Amino acid sequence: NAGVTQTPKFRVLKTGQSMTLLCAQDMNHEYMYWYRQDPGMGLRLIHYSVGEGTTAKGEVPDGYNVSRLKKQNFLLGLESAAPSQTSVYFCASCDDRYNSPLHFGNGTRLTVT
Amino acid sequence: KQEVTQIPAALSVPEGENLVLNCSFTDSAIYNLQWFRQDPGKGLTSLLLIQSSQREQTSGRLNASLDKSSGRSTLYIAASQPGDSATYLCAVRRDSSASKIIFGSGTRLSIRP
């Protein structure tokens, strides 16, 4: 049972470069999320999706784009990376039922130089 | 605006002790509260989820309680072990909306052998 899988695990970018982070879940969850985790800032929601073909902005969406073309996948894109986007990125998913717990991937550590 | 606070930020106790981790929230109108464990370099692992209508949940040596009226939840760990060393985070879901999950900054727990 893979759960939530994130790729890549690590990445170093130069300012201005672009990249896509991939999140895949095999639990048939409706809801998927992208968070970033920074020291002293906790977990902050970037974007989320409530189902295939839907996306919505979270708390800190600027500089990021997302797509959910398939229910099991949620992609996070950085079009022009900035040093302020250096962070650990986590994907999470849950069912849309009332008591469904949130499941997390192991994260992607991104450094922008 | 819902705020979630975890104090202390770090805690060190000798092996075998029973301990309590605290989580407080400012708005008592919550949907559910979830406790997570995060090991260094890893994602968050769900430990317990308490629905708003429940007072506590138990799993093995872990017991989580919820007091909505006082805006508090506690995670009780019995007979602590070095393997319990990790960061523990709580998260409050405000309502049925997918986006309204607010995380605390966590308590870093160290169990001394």
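Throughout, a chain's letter reflects where its sequence line sits, starting with A, and its residues are numbered from 1. Note that the structure is predicted; figures quoted are calculated from it, not measured. When reading the values below, keep in mind they use all heavy atoms of this one structure, side chains included, and skip hydrogens, waters and symmetry mates.
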Examine [X] and [Y] and state if one hydrophobic cluster contains both, with Ile, Leu, Val, Met, Phe, Trp and Tyr joined whenever side-chain heavy atoms are less than 4.5 Å apart.
| X | Y | answer |
| --- | --- | --- |
| A:Met19 | A:Ile46 | yes |
| A:Leu21 | B:Leu44 | no |
| B:Leu75 | B:Leu19 | yes |
| A:Val4 | A:Tyr89 | no |
| A:Tyr31 | A:Tyr35 | yes |

Drop me the distance from [X]'s [atom1] to [Y]'s [atom2], to the nearest 0.5 angstrom.
| X | Y | atom1 | atom2 | value |
| --- | --- | --- | --- | --- |
| A:Leu43 | B:Ile101 | CG | CD1 | 10.5 Å |
| A:Phe104 | B:Gln38 | CZ | CD | 8.5 Å |
| A:Ser100 | B:Arg93 | OG | CZ | 7.5 Å |
| B:Thr87 | A:Gln37 | OG1 | CD | 8.5 Å |
| B:Phe103 | A:Leu102 | CZ | CG | 5.0 Å |
| A:His103 | B:Thr45 | NE2 | OG1 | 10.5 Å |

